[in-house]
Amino acid sequence: HPYMACGWSDSTRKHFISTHNTTLEGNPHGKQRWHEIDSDDFDGTEVCIHYTKRPKVVEDYFESAKVVDVHNHARQAGLSLETAWNTQRWDHRVTLLGIIETDAYHMWYTFHPQGKNWSHADFTEGIAEALLAFETGSKTRLKTTLAKHSSNHIDNCDA
């Protein structure tokens, strides 16, 4: 793949390297600013939006980067391994189990007909209990677990 590099500056200079995009002009970046007004007619502040031109590669990066933040927030708030496992090491905080569980919840939420009725906490608890029931081979416990977490969510459970 060919590489492309560009720089862009709003308040600080940022550098981008990409294998797929363009440096053609994208939509401008708008920053809200407050300006103090001291005139005969009005004393106070007004809101202004300052626009900065930016290439398409920069626009795409900033529009997509927030997805990572949303996923991290869901992972940290949902499974919360970070609070149970007290560590400062990033490689211990960002666990594969947490990433997989959060991805599974997002898939459930997006594609299952009743997914939007489940909170992330309900989903996590249901998965944990179902895995424990499966591990012990208890079909009764598995059915009870699924029924408990599905009572208002799924019309028919065939465990």
For His35, check side-chain contact (heavy atoms from CB on, under 4.5 Å) against everything at least two apart and list the hits. Arg33, Glu46, Cys48, His50
Name each donor-acceptor pair under 3.5 Å that joins a side chain in residues 22-31 to protein atoms two or more places apart or in another chain, with its distance.
unit_1	atom_1	unit_2	atom_2	d
Thr22	OG1	Leu24	N	3.0
Asn27	ND2	Glu59	OE2	3.0
Lys31	NZ	Asp10	OD2	3.2

With sequence neighbours left out, write down each residue that passes side chain to side chain donor-acceptor pair (under 3.5 Å) with Thr12, or none if nothing qualifies. Lys14
Residues which pass side-chain contact (heavy atoms from CB on, under 4.5 Å) with Val47, listed by chain and number, not counting sequence neighbours: Gln32, Trp34
Hydrophobic side-chain clustering at under 4.5 Å (ILVMFWY, transitive links): who's grouped with Tyr61? Put none if nobody. Met4, Trp8, Phe16, Val57, Val58, Phe62
Residues His106 and Glu101: side-chain donor-acceptor under 3.5 angstrom: no
Transitively linked via ILVMFWY side-chain contacts under 4.5 Å: Val70 with Ile99? no
The remaining residues in the hydrophobic cluster of Tyr51, counting side-chain heavy-atom contacts under 4.5 Å among Ile, Leu, Val, Met, Phe, Trp and Tyr, are Ile49
Using the test ring-ring contact (aromatic ring centres under 6.0 Å, His included), find all partners of His20 that sit at least two apart in sequence or belong to another chain. none
Members sharing Met107's hydrophobic cluster (side chains within less than 4.5 Å): Phe111
With sequence neighbours excluded, residues passing side chain to side chain donor-acceptor pair (under 3.5 Å) with Asn21: Asp60
For Lys116, the salt bridge (charged side-chain N to carboxylate O under 4.0 Å, His left out) test, sequence neighbours excluded, returns none
Taking the inter-plane angle between the rings of Trp108 and His112 on a 0 to 90° scale, is it parallel (under 30°), tilted (30 to 60°) or perpendicular (over 60°)? parallel
Once rounded to the nearest 0.5 Å, what's the spacing between atom NE2 of His15 and atom OG of Ser9? 9.0 Å
Closest non-hydrogen atom pair, Trp118 against Tyr109: O-CD1, 4.4 Å
